[in-house]
**Student:** 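Just passing along the structure, written as structure tokens.
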Number of protein chains: 2
Amino acid sequence: MKNSALYKGSLNTIIMKLLEEKGRMYGYEITQKVKAITLGELTITEGALYPALHKLEAEGLLEVEVEKVDNRLRKYYKLTEKGNKETVNRLAELEEFIRNMQSIVNPKLSY
Amino acid sequence: MKNSALYKGSLNTIIMKLLEEKGRMYGYEITQKVKAITLGELTITEGALYPALHKLEAEGLLEVEVEKVDNRLRKYYKLTEKGNKETVNRLAELEEFIRNMQSIVNPKLSY
DNA sequence: CAAATATACCTAAGTTTCTTATACATAAAA
DNA sequence: TTTTATGTATAAGAAACTTAGGTATATTTG
């Protein structure tokens with residue numbers, strides 16, 4: 001049962017959208033949230049997630065707050081102001097992609 | 001104006017879906033068709049298209065017929081039997097991806 | 001008529017984004 | 001006590017693109 005289609009390029013948008021909603025989240029929490037929302041169909045691997053978070057932080061779209069909970073480390077991420085603006089763009093792009101794909105895949109529905 | 005979101009992994013499915021509909025198409029025709037359907041928003045680059053066609057052919061999902069039209073070469077591609085079956089799977093996967101993305105991006109709509 | 005654009009194919013180098021595998025560490029459950 | 005869950009991280013490799021070329025003919029435009 002292959003990883004059921006996480007199309008490349010969508011991960012960043014997923015992260016940013018969840019952070020926009022929730023305010024702040026830590027990495028592991030994001031993986032669990034995605035799994036829950038998609039009823040187990042979509043699994044974010046750690047090898048994809050952590051580099052993505054670090055890159056978004058490096059780009060100034062996320063900022064991090066480190067906390068210790070239950071003697072274990074957590075890195076909470078939240079959107080910066082720049083990140084908030086960029087989230088709007090990326091969501092618009094994703095929605096455009098979805099519209100385009102539906103025009104191709106289901107041409108009868110797109111008038 | 002960046003290339004407006006061709007999420008990686010979707011190109012093969014686009015090609016296969018168009019061939020399923022049209023019966024057979026040649027490369028250049030595919031690029032024009034996609035541009036037309038998406039009102040210019042989605043452009044398939046040749047550097048992506050031709051390697052993708054060759055790979056699908058190598059995998060036995062497409063077969064090719066070469067023709068000369070107006071003194072110019074055309075390579076018409078069509079789905080093999082195996083390609084037809086696989087198209088069903090890929091479309092299902094793409095639709096699942098779209099459902100999952102909508103669950104994430106627009107949680108209020110997904111009951 | 002010359003130059004640009006459209007049609008039609010192709011590949012190579014580099015980048016991005018993932019998967020897979022591994023590593024470290026603590027807490028809880030079997 | 002061993003496995004599973006929680007929590008982070010990186011390195012090597014694969015896959016799928018972009019960018020930038022190359023070749024050639026037909027048509028349109030200035």
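Given the structure is predicted, the values throughout are model-derived calculations rather than measurements. Naming convention: chains lettered A, B, ... in sequence-line order (proteins, then strands); numbering from 1 in each chain. All values below were derived from every heavy atom in this structure, side-chain atoms included, with hydrogens, water molecules and symmetry-related copies excluded.
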**Student:** With a 3.5 Å distance limit and no angle check, can you tell me whether B:Ser103 reaches the backbone of A:Ile37 through a side-chain donor-acceptor pair?
**Tutor:**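 Looks like no, no N/O pair under 3.5 Å.
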**Student:** Salt bridge check, B:Glu96 against B:Arg99: does any charged N sit closer than 4.0 Å to a carboxylate O?
**Tutor:** no
**Student:** Pick base, sugar-phosphate or nothing for B:Gly47, based on heavy-atom distances below 4.0 Å to the nucleic acid.
**Tutor:** base
**Student:** Mind calculating the distance between CE (A:Met25) and C1' (D:dT8) to the nearest angstrom?
**Tutor:**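 Rounded to the whole Å, the gap is 16 Å.
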**Student:** Measure the distance from CD on B:Gln32 to P on C:dC9 and round it to the nearest whole Å.
**Tutor:** 11 Å
**Student:** Any side-chain N or O of A:Arg72 below 4.0 angstrom from OP1/OP2 of C:dT26?
**Tutor:**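 For C:dT26, neither OP1 nor OP2 has a side-chain N or O of A:Arg72 closer than 4.0 Å.
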**Student:** Tell me which of A:Lys75 and B:Ala52 sits closer to the 5' end of DNA chain D, going by the nucleotide each one is nearest to.
**Tutor:**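 Checking each residue's closest nucleotide, the 5'-ward one belongs to A:Lys75.
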**Student:** For a quick test of reading the model, state the closest non-hydrogen atom pair linking A:Ala52 to A:Ile15 and the distance between them.
**Tutor:** CB-CD1, 4.0 Å
**Student:** For C:dA8, does OP1 or OP2 lie under 4.0 Å from any side-chain N or O of B:Arg74?
**Tutor:**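 For C:dA8, OP1/OP2 do have a side-chain N/O of B:Arg74 under 4.0 Å.
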**Student:** Report yes if a side-chain nitrogen or oxygen of A:His54 is closer than 4.0 Å to either non-bridging phosphate oxygen (OP1 or OP2) of D:dT10; otherwise report no.
**Tutor:**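 The answer is yes; a side-chain N or O of A:His54 sits under 4.0 Å from OP1 or OP2.
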**Student:** Quick one: is D:dG7 close enough that its OP1 or OP2 comes under 4.0 Å of any side-chain N or O from A:Lys68?
**Tutor:** no
**Student:** Between B:Pro51 and A:Asn12, which has a closest nucleotide on DNA chain C that is more 5'?
**Tutor:** B:Pro51
**Student:** Just the rounded figure in Å: distance from P of D:dA9 to CG of A:Leu49.
**Tutor:** 9 Å
**Student:** Check whether any side-chain N or O of B:Asn71 sits under 4.0 Å from OP1 or OP2 of D:dA26, and answer yes or no.
**Tutor:**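 True: B:Asn71 side-chain N/O within range (under 4.0 Å) of D:dA26 OP1/OP2.
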**Student:** Below 4.0 angstrom, which residues in residues 58-65 of chain B have at least one non-hydrogen atom near DNA chain C?
**Tutor:**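 When residues 58-65 of chain B is checked for heavy atoms under 4.0 Å from DNA chain C, there are no hits whatsoever.
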**Student:** Tell me the interatomic distance from A:Tyr26, atom OH, to D:dT6, atom P, rounded to whole angstroms.
**Tutor:**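 These atoms are roughly 8 Å apart.
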**Student:** Using a cut-off of less than 4.0 Å, is there contact between a side-chain N or O of A:Tyr28 and OP1 or OP2 of D:dT8?
**Tutor:** no
**Student:** Does a side-chain N or O of B:Lys55 approach OP1 or OP2 of D:dA15 to a distance below 4.0 Å, or not?
**Tutor:** no
**Student:** Give a yes/no answer on whether the side chain of B:Tyr50 brings an N or O atom under 4.0 Å of OP1 or OP2 in C:dC10.
**Tutor:**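 No, because none of the side-chain N or O atoms of B:Tyr50 sits under 4.0 Å from OP1 or OP2 of C:dC10.
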**Student:** Rounded to the nearest angstrom, tell me the gap between atom CD1 in B:Ile44 and atom P in C:dA8.
**Tutor:**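 One finds 17 Å between P of C:dA8 and CD1 of B:Ile44, rounded.
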**Student:** Is A:Val88 reachable from A:Leu91 through a run of I, L, V, M, F, W or Y residues, each pair having side-chain heavy atoms under 4.5 Å apart?
**Tutor:**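 Hydrophobic grouping puts A:Leu91 apart from A:Val88.
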**Student:** Want to settle it: does B:Tyr76 or A:Gly9 sit nearer the 5' end of DNA chain C, counting the closest nucleotide to each?
**Tutor:** B:Tyr76
**Student:** Between C:dT19 atom C1' and A:Leu42 atom CG, what is the distance in whole Å?
**Tutor:**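 It works out to 14 Å between those atoms.
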**Student:** When the distance from CD of A:Glu29 to C1' of D:dT6 is rounded to whole Å, what number comes out?
**Tutor:**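 The answer, rounded to whole Å, is 12 Å.
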**Student:** Give the rounded distance in Å between these two atoms: CG of A:Asp70 and C1' of C:dA25.
**Tutor:**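 Distance, rounded to whole Å: 14 Å.
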**Student:** Would you name the heavy atoms of B:Leu49 and B:Gly27 that are closest together and state the gap between them?
**Tutor:** CD2-O, 3.3 Å
**Student:** Checking only heavy atoms, does the side chain of B:Glu46 share a donor-acceptor pair with the base of C:dA8 at less than 3.5 Å?
**Tutor:** no
**Student:** I want to verify a distance call: between C:dA8, C:dT17, D:dA9, whose nearest atom is closest to the A:Lys8 side chain?
**Tutor:** C:dT17
**Student:** Only pairs at least two apart or in different chains count here, so list each side chain to side chain donor-acceptor pair (under 3.5 Å) that has a residue in residues 60-73 of chain B.
**Tutor:** B:Arg24-B:Glu65, B:Arg24-B:Glu67, B:Glu65-B:Lys78
**Student:** For the residue pair A:Asn84 and A:Glu81, confirm or rule out a side-chain donor-acceptor distance under 3.5 Å.
**Tutor:**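 Distance-only check fails for A:Asn84 and A:Glu81.
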**Student:** Please tell me if the side chains of A:Phe97 and A:Thr13 come closer than 4.5 Å, counting only heavy atoms from C-beta onward.
**Tutor:**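 No; the side chains remain at least 4.5 Å from each other.
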